[in-house]
Each structure stands twice: as structure tokens, then as C-alpha cells.
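Quick notes on the structure that follows.
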Amino acid sequence: MAEKSEKMTKQELSAPDAFQLYGAEASDWLMKRSQIISTVAAVLVVGGMIAALVQYFSNRSEEAAAKQLGQTLETLERPVVEGVALQPAAGELPPFKSEQERDETTVTELTKFRAEHKGTDAALTAALPLGKAQYRLGRHDEAVATFGEYTKEAPKGSPLLTSAYEGLGYAHEAKGQLDQALEAFKQMGQAEAGEFMVGMGQYHQARILVAQGKKDEAAQLLADLKASQANAAAGRLATERLAVLGAQGVKIPEPKTVPAATLTPDAG
């Protein structure tokens, strides 16, 4: 068998190797199309360079924007000192004279920052402290727009969505738009992140239902929340709100959810 495999006929020896044939055909094809290939290769190389440059400068702009946002927020966190004229140390900014002055400065500085760094993650993140300052100043239309922008553009998994939906709900509530506030707090409940915020979306929904005169529905939400989050801040707030509703003559229902203490651990 080995001997047969090692011996080749004269016809086989004289026949051109398959790779030689394919190589010759490929060479002829390349020669005929060399100009096209060179052009395509150049485009690919240039395209790759452009993509790399875009990514490079994008990363640099994101890094610069994030750094500047941190610096801006740091200056806005300086204390408020009312009624006392303090002389700041060399190189330091003076304290704010009032909470209103700090909020007004926050709105001015963050609005400017977001315009200068539009399209960056840092500019989007800045929407949260900006919206809160707008809300505190009573500029509720602006707060709705600012928080709404974050909820629409932020990644669905962003841990800051909870805060954005809460701010949006508060702003709608301040405008008397209770249906919109209720919807925002529902979205907050679905996006909840962080141990402290667990159940807060549901608690805010109950508050809005009370304001809408739907106290029985609110009581059911609160009873469920009290049972499922007894040791959380939202559970304690629910307990207090239920006591108020009970004093108003509202019948407190049995919870539909299983109390947290009786939940069976996952066997897996």
C-alpha cells in the first residue's frame, strides 16, 4: 500500500499541480483587477483609520467630559452659609449665601456643561443633578423635560434610572399631573436598583392614588408593600401611611403578597 502511494505515473508527474493551476488563475485575476483591489484596500485601510480615530477621540472626549463634570459638581457641593460673610481661603470659592443661590448656580453651570459636551455620557448623567435643582427652584416644566431626557436616552440597565423616574414623578406631581406622575412611579418600580430604593416606586404610587381619591387601592398597595418589604425604608413608610389611612376610616386589607419573613428560600 505504501509502495503504491509513493509511485506516481508519468502522466501524474507531468500534470501541473492543482495549487499551481489555482495560483496561476489567481495571479491572472489579480493582475486584471489590481487597480480595483488597490482602491478597495486603500478604502478599507483609511476606513479603519477613521474608525480608530473616531473611537480614540470619542474616548478622549468622554474622559475629558467626565473629569470636567466631576470638577463642576465638586464646586457645586461647597457649603451654604447664610447671614455670615466668610472670606474664602486663597484659591477657593466662597460658600453659597443660600440654597437658592446654589440651585441657580447649579442650573447655570450644568446647562452650560451639557451644551459644551452634548452627546457624551457625562452630559446625560448631568441631567440628574440639573433636574433636581430645577425642581427645587419650582421650574417644574424644565425638570420634566430634563428627567424625561434621561429616562429616554439612558441604558435600560442604568442604576440611575430609579432616581430619574422618581424626579420625573415628583415634577409631574408638582404640576398637578397625577396620571403622568403615577406612570413615572410605576416605571420607577420596574427600574428599582439599590437596597434603599426597593419598594419606593410602589410607595409613591400609593401616595398618588391617595391624592386621586383611590384610597382603597392605595391601601392594598401599601399592605402588600408592608408585607414584602417590612425591614426596608419603603416598608416602614407604608406602615406609617396605612396607620393614617386607617385613622381616616379606610379598611386596611390583607396583603396579597407573601410576607418577606415566610418566603421559602430558593432550593437552587
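Since the structure is predicted, the reported quantities are computational estimates derived from the model, not experimental observations.
- What you find for Val144 and Ala171 is that their closest heavy atoms are CG2-CB, 3.6 Å.
- Remark: Glu142 engages Arg139 in a salt bridge, criterion side-chain N to carboxylate O under 4.0 Å.
- Not a single donor-acceptor pair under 3.5 Å links the side chain of Glu173 to the backbone N or O of Ile208.
- Remark: the backbone N or O of Arg236 is not paired with any side-chain donor or acceptor of Arg241 at under 3.5 angstrom.
- Using a 4.0 Å cut-off between a side-chain N of Lys or Arg and a carboxylate O of Asp or Glu, Lys112 and Glu109 do not qualify as a salt bridge.
- In this structure, the side chain of Gln68 does not engage the main chain of Ala64 through any donor-acceptor pair within 3.5 Å.
- Interatomic distance, Glu104 CD to Ser98 OG, rounded to the nearest 0.5 Å: 7.0 Å.
- Across all non-hydrogen atoms, the minimal contact from Val250 to Ala219 is CG1-CB, 4.1 Å.
- Checked against side-chain contact (heavy atoms from CB on, under 4.5 Å), Leu124 has the following partners two or more places apart in sequence or in another chain: Tyr150, Glu153, Ala154.
- Side-chain contact annotation: Gln212 with Asp179, donor-acceptor N/O pair under 3.5 Å present.
- Side-chain atoms of Val244 and Glu240, non-hydrogen and from C-beta on, never get closer than 4.5 Å to each other.
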* Asked: Please walk me through it: do Arg114 and Glu149 pass side-chain contact (heavy atoms from CB on, under 4.5 Å)?
  -> CA-CA 12 Å; Arg114 298 185 76 224; Glu149 179 185 340; 2.7 Å; yes
* Apply side-chain contact (heavy atoms from CB on, under 4.5 Å) to Arg78 and Leu93, showing your working. => CA-CA 8 Å; Arg78 63 187 192 273; Leu93 293 171; 3.5 Å; yes
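- Between the side chain of Asp103 and the main chain of Ala133, no donor-acceptor pair closer than 3.5 Å is present.
- Side chains of Gln187 and Thr151: no donor on one and acceptor on the other come within 3.5 Å.
- Separating the CZ atom in Arg207 from the CG atom in Leu237 is a distance of 10.0 Å, to the nearest 0.5 Å.
- Among all heavy-atom pairs drawn from Leu225 and Ala234, the shortest one is CD2-O, 3.7 Å.
- Between Tyr170 and Phe185, the ring planes lie perpendicular to each other; the angle is over 60°, past the 30° to 60° tilted range.
- Here NZ of Lys226 is found 4.5 Å from OG1 of Thr239. Values are rounded to the nearest 0.5 Å.
- Side-chain contact annotation: Gln220 with Asp216, donor-acceptor N/O pair under 3.5 Å absent.
- Applying the 6.0 Å contact sphere to CD of Glu254 captures no more than 12 heavy atoms from other residues, nucleotides or ligands.
- In plain terms, the two heavy atoms of Pro253 and Ala223 that are nearest each other are O-CB, 3.6 Å.
- Of the possible donor and acceptor atoms, none in the side chain of Ser158 sits under 3.5 Å from a partner among the backbone N and O of Pro155.
- Put simply, the side chain of Thr162 gets close to the backbone of Ala191: a donor and an acceptor are under 3.5 Å apart.
- Grouped by direct or indirect side-chain proximity (heavy atoms under 4.5 Å, Ile/Leu/Val/Met/Phe/Trp/Tyr only), Leu73 sits with Leu69, Leu76, Val80, Phe96, Val107, Leu110, Phe113, Leu130, Leu137.
- The two atoms that bring Thr146 and Ala127 nearest to each other are CG2-O, 3.1 Å, heavy atoms only.
- Contact check for His117 versus Glu62: no side-chain heavy atoms found under the 4.5 Å cut-off.
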* To do: Dump the intermediate steps for side-chain contact (heavy atoms from CB on, under 4.5 Å) on Gln202 and Met188, then the final yes or no.
  => CA-CA 8 Å; Gln202 188 173 340; Met188 177 188 174; over 6 Å; no
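- Distance check: Leu209 CG to His204 NE2 gives 13.0 Å after rounding to the nearest 0.5 Å.
- With rounding to the nearest 0.5 angstrom, the NE2 atom of His140 is 10.5 Å from the CD atom of Gln134.
- For the residue pair His172/Gln177, the side-chain donor-acceptor check at 3.5 Å is satisfied.
- Taking each heavy atom of Ala227 and Pro255 in turn, the nearest pair found is CB-CB, 3.6 Å.
- Within 6.0 Å of CD on Gln100 lie no more than 12 heavy atoms contributed by other residues, nucleotides or ligands.
- Taken to the nearest 0.5 Å, the CD atom of Gln205 stands 9.0 Å off from the CD atom of Glu183.
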* Does the side-chain contact (heavy atoms from CB on, under 4.5 Å) test come out yes or no for Lys214 and Val210, once each step is laid out? -> CA-CA 5 Å; Lys214 302 174 183 178; Val210 170; over 6 Å; no
